[in-house]
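Report on the following structure.
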Amino acid sequence: MDSSENKLGADWRRWVADAAAALSGALLSAGFAPLEASEAAWVALVPLLVACRFADSPRAAFRLGFLSGSVFWLTSIWWLSRVTYGGWLTLAFYCALYLGAFAVLAHLWLRRYEHERLGLNLGFMLFAACGWAGLEWMRSTFATGFAWNALGVTQYRNVALLQGAAWGGVYAVSALVVFVNAGVAVTVMRYIRRGGHWGRRPHFELMLAFLVLALAFFAGARRVRGLADGQVDLRVALVQPAIPQDDKWDTNTVDLIYSRLRQLTDGALRSGPLDLIIWPETALPDDVRYSQTSYDLVYELASRGVPLLVGSMDSEWPEDGRPVFHNSSFLFDPEGRPVEVYAKQHLVVFGEYVPLGDVLPFLNAMTPIQESFTAGTTATVFRLANPSVSFSVLICFEDTVARLARKAVRGGARLLVNQTNDAWFDPSSASRQHMAQCVLRVVETGVPAVRVANTGVSCVINRRGVVTARLEDEQGGTIFPGFKTAAVRPAPDDLPLTFYTRNGDLLPILAGVLALLAAGAVRRCT
């Protein structure tokens, strides 16, 4: 065979490997909204893993993983381009690095050990699951973290399988999905090795993967049956004003915002008895603490006898020094007084603050915000007297940050309230993806959640992770002005904290360390 034929063969193999990696990225993306094909997640990594087995070097494997990750992230968070093309591309390629690292880990093991030995294949399945969980945890926490679209979130409608999150967070569900993927992959590799002949040998790896999946399902179903709701029925009204993002800070639309909030809240008050009315993130066009017009509206509505939870900007004006701004949530009692306030703790980079903006002023040109917000430090626990309910607020994307939900529940919250504004990305799948993240926070903590969006998905999620009430029109759409009244049962006061709430990310960290140690051992033996 001459050199031209060798080159043609090498080019063909590379093309096939690239196509396999891209296919994995597409299948991963299909697991999330808008398609929400959760079944795709169970085989999404198989083409990439097989390609990594036949890669020539760790560098080649990294390239395949990065290609797969780029396809996945560019398509799954494309909605970010509605705000910033640079941010979309930068974040997508950054997240793709983690899939590249996973591909290197898989390559090191698969090239070192043949895939005909049962024990080593089972070891690879566990190794891949631990490596993925560790890398996913790192992506979610490093440099403020980006905890969006963890693999386990694809299963947010599979209530039984989600329950593993009560032990290891969403990373436990992700690890289960990867374990099954690895079992399918080694079976496919054996088939390729034998020239397309299955033979009569039992495929124990695949059987074990399905056995573990079945055990996880039945254990989760048992947990779901054992979860008892609290005894208090909290009647809430979810007010969704649906103000387009371009109009929220336009001085010409201020009257529209006030009138819509008044009209929708009045409709909710007339619909029947209520215990709490919730407005979304920054529902008011200014600072309720210093705006007479905004305060008058809140006073008018709250004094009709129902506490009102209001999303608003907040500010502090020290006698000397620059003003401090917060993205906050205020609870007004039935007498129209602000009794408690929460300041958002996890701010969005370039969306709510500019890092090093004072030192490098040119960075301010990369964001539409005029002033940076300051992060809060406390997980405020709001308390209603009648009925007696304790709850905490997660603002905007804070419901993607598991540690904040855990912190609130450990502080005494028995209900989570997510006030958000997904109008930045309308129309897109961002709001549906966002809602799916919140389901995982519920299962991880065992505490139900209420979500109220300016536009997005306003809904109630019970403590099993099931969406029990949702504001939508006859066509199933969620981007419209309206309100929804619903009953939610907060978790009981004597709630036994889940393992994950008590111990945090202990299991995914241990999994990542084990994978790293195993990779080092494999590397030394290569």
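Residue numbers run from 1 in the order of the sequence given.
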**Request:** Applying side chain to side chain contact (heavy atoms under 4.5 Å, CB included), run through Arg223 and Leu162 and close with a yes or a no.
**Result:** CA-CA 10 Å; Arg223 181 176 187 272; Leu162 280 187; over 6 Å; no
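- In this structure, Arg441 contributes its side chain and Ala405 its backbone to no donor-acceptor pair below 3.5 Å.
- Residues Leu74 and Phe93 have side chains in contact (heavy-atom distance under 4.5 Å, counting atoms from C-beta outward).
- Closest heavy-atom contact between Gln155 and Val177: CG-CG2, 4.3 Å.
- Figure legend: Arg414 and Phe391 shown without cation-pi pairing, the cationic atom not lying both under 6.0 angstrom from the six-membered ring centre and within 45 degrees of its axis.
- Across Val348, Asn418, Leu404, a single residue satisfies side-chain contact (heavy atoms from CB on, under 4.5 Å) together with Glu398, and that is Leu404.
- When atom types are taken as modelled, the side chain of Glu316 and the backbone of Phe325 share no donor-acceptor pair closer than 3.5 angstrom.
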**Message:** Please evaluate residues Glu300 and Arg262 with respect to the criterion salt bridge (charged side-chain N to carboxylate O under 4.0 Å, His left out), reporting the C-alpha separation (whole Å), side-chain torsions for both, the decisive distance (0.1 Å), and the verdict.
**Reply:** CA-CA 9 Å; Glu300 170 194 337; Arg262 177 182 284 108; 3.2 Å; yes
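- Minimum interatomic distance between Tyr500 and Asp505 (heavy atoms only, all atoms of both residues): OH-OD1, 2.5 Å.
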**Request:** Walk me through it: do Asp426 and Arg82 pass the test salt bridge (charged side-chain N to carboxylate O under 4.0 Å, His left out)?
**Result:** CA-CA 8 Å; Asp426 287 341; Arg82 294 188 176 277; over 6 Å; no
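- Side-chain atoms of Leu99 and Trp132, non-hydrogen and from C-beta on, do get closer than 4.5 Å to each other.
- Gln433 contributes a side-chain N or O that, together with a main-chain N or O of Ser76, makes up a donor-acceptor pair within less than 3.5 Å.
- A donor-acceptor pair is defined here as one N or O able to donate and one able to accept, closer than 3.5 Å; such a pair exists between the side chain of Asp333 and the backbone of Gly336.
- Between Ser431 and Gly456 the shortest heavy-atom distance is CB-CA, 3.4 Å.
- Rounding to the nearest 0.5 angstrom, the gap separating the CG atom in Leu331 from the OG1 atom in Thr380 is 10.5 Å.
- With hydrogens and angles left out, the side-chain atoms of Ser458 and Gln240 include a donor and acceptor closer than 3.5 Å.
- Sparse packing is recorded around CZ of Arg222, with 12 or fewer heavy atoms of other residues, nucleotides or ligands lying under 6.0 Å away.
- In this structure a side-chain-to-backbone donor-acceptor pair under 3.5 Å is present from Ser291 to Ser294.
- Using a distance-only test at 3.5 Å, with no hydrogens or angles considered, no donor-acceptor pair links the side chain of Ser428 to the main chain of Trp79.
- Few gaps surround CZ on Phe499; more than 12 heavy atoms of other groups in view lie less than 6.0 Å from it.
- Note: Phe146 CZ to Trp73 CH2 = 5.5 Å, rounded to the nearest 0.5 Å.
- Scanning for salt bridge (Lys or Arg N to Asp or Glu O under 4.0 Å) contacts around Asp255 gives an empty result, with sequence neighbours left out.
- Side-chain contact between Leu495 and Val409: present, with at least one pair of heavy atoms (C-beta onward) separated by less than 4.5 Å.
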**Request:** Please report the C-alpha distance between Glu472 and Lys484 in whole Å, then the side-chain angles of each, then the deciding distance to 0.1 Å, and finally whether the salt bridge (charged side-chain N to carboxylate O under 4.0 Å, His left out) criterion is met.
**Result:** CA-CA 9 Å; Glu472 57 186 14; Lys484 178 79 173 181; over 6 Å; no
**Request:** Under the side chain to side chain donor-acceptor pair (under 3.5 Å) rule, what do Asp287 and Ser315 come out as? Steps first, then yes or no, please.
**Result:** CA-CA 7 Å; Asp287 185 340; Ser315 56; 2.5 Å; yes
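- Taking all atoms of both residues into account, the shortest heavy-atom contact from Ala242 to Pro481 is CB-N, 3.4 Å.
- Taking all atoms of both residues into account, the shortest heavy-atom contact from Phe425 to Ala430 is CB-CB, 3.8 Å.
- In terms of the side chain to side chain donor-acceptor pair (under 3.5 Å) criterion, residue partners of Ser329 (sequence neighbours excluded) are, by chain and number, Gln419.
- In this structure the side chain of Thr445 reaches within 4.5 angstrom of the side chain of Leu416, judged on heavy atoms.
- A distance-only check finds no donor-acceptor pair linking the side chain of Arg489 to the backbone of Leu234 [under 3.5 Å].
- Checking each of Leu284, Val452, Leu309 against Trp279 for a side-chain contact (heavy atoms from CB on, under 4.5 Å) leaves exactly one that passes, namely Leu284.
- Taking the six-membered ring for Trp and thresholds of 30 and 60 degrees, Trp317 and Tyr290 have ring planes more than 60 degrees apart, a perpendicular arrangement.
- To the nearest 0.5 Å, atoms CG (Asn327) and OH (Tyr342) are separated by 9.0 Å.
- Once rounded to the nearest 0.5 Å, the distance linking OG1 of Thr374 with CG of Leu347 reads 7.5 Å.
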**Message:** The test is side chain to side chain contact (heavy atoms under 4.5 Å, CB included); show your working for Met435 and Val467 and say whether it passes.
**Reply:** CA-CA 10 Å; Met435 186 272 289; Val467 177; 4.1 Å; yes
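- Using a 3.5 Å distance cut-off with no hydrogens or angles, the side chains of Tyr156 and Glu36 do pair a donor with an acceptor.
- Shown here for Thr84 and Gly87, the closest heavy-atom pair between the two residues is OG1-N, 2.8 Å.
- Put simply, the side chain of Thr485 does not reach to within 4.5 Å of the side chain of Arg235, judged on heavy atoms.
- In this structure a side-chain-to-backbone donor-acceptor pair under 3.5 Å is missing from Ser29 to Gly25.
- A heavy-atom distance below 4.5 Å is not found between the side chains of Ile461 and Val466.
- Atoms CG and CH2, from Leu80 and Trp148 in turn, are 10.0 Å apart once rounded to the nearest 0.5 Å.
- Ser303 contributes atom OG, which lies 10.0 Å from atom CG of Leu308 (distance to the nearest 0.5 angstrom).
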**Request:** Would you please test Val236 and Ile277 for side chain to side chain contact (heavy atoms under 4.5 Å, CB included) and show each step?
**Result:** CA-CA 6 Å; Val236 297; Ile277 298 171; over 6 Å; no
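- Open room surrounds CZ on Phe217; 12 or fewer heavy atoms of other groups in view lie less than 6.0 Å from it.
- Atom CH2 of Trp88 sits in a crowded spot, with more than 12 heavy atoms from other residues, nucleotides or ligands closer than 6.0 Å.
- For Arg451, the salt bridge (Lys or Arg N to Asp or Glu O under 4.0 Å) criterion is met by Asp399, not counting sequence neighbours.
- Listed for the Asn454 side chain is no donor-acceptor partner under 3.5 Å among the backbone atoms of Pro280.
- Between Arg432 and Asp422 there is no salt bridge, since no side-chain nitrogen of the basic residue lies less than 4.0 Å from a carboxylate oxygen of the acidic one.
- Within 6.0 Å of the CZ atom in Phe218, the count of heavy atoms belonging to other residues, nucleotides or ligands does not exceed 12.
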**Message:** I'd like to know whether His434 forms a ring-ring contact (aromatic ring centres under 6.0 Å, His included) with Phe397, so could you lay out the CA-CA distance, the side-chain angles of the two residues, the decisive distance to 0.1 Å, and finally the verdict.
**Reply:** CA-CA 8 Å; His434 189 185; Phe397 287 172; 4.9 Å; yes
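- Judged purely by distance below 3.5 Å, without hydrogens or angles, the side chains of Trp42 and Thr154 never pair a donor atom with an acceptor atom.
- Although no hydrogens or angles enter the test, the distance criterion places a donor-acceptor pair under 3.5 Å between the side chain of Glu281 and the main chain of Asn421.
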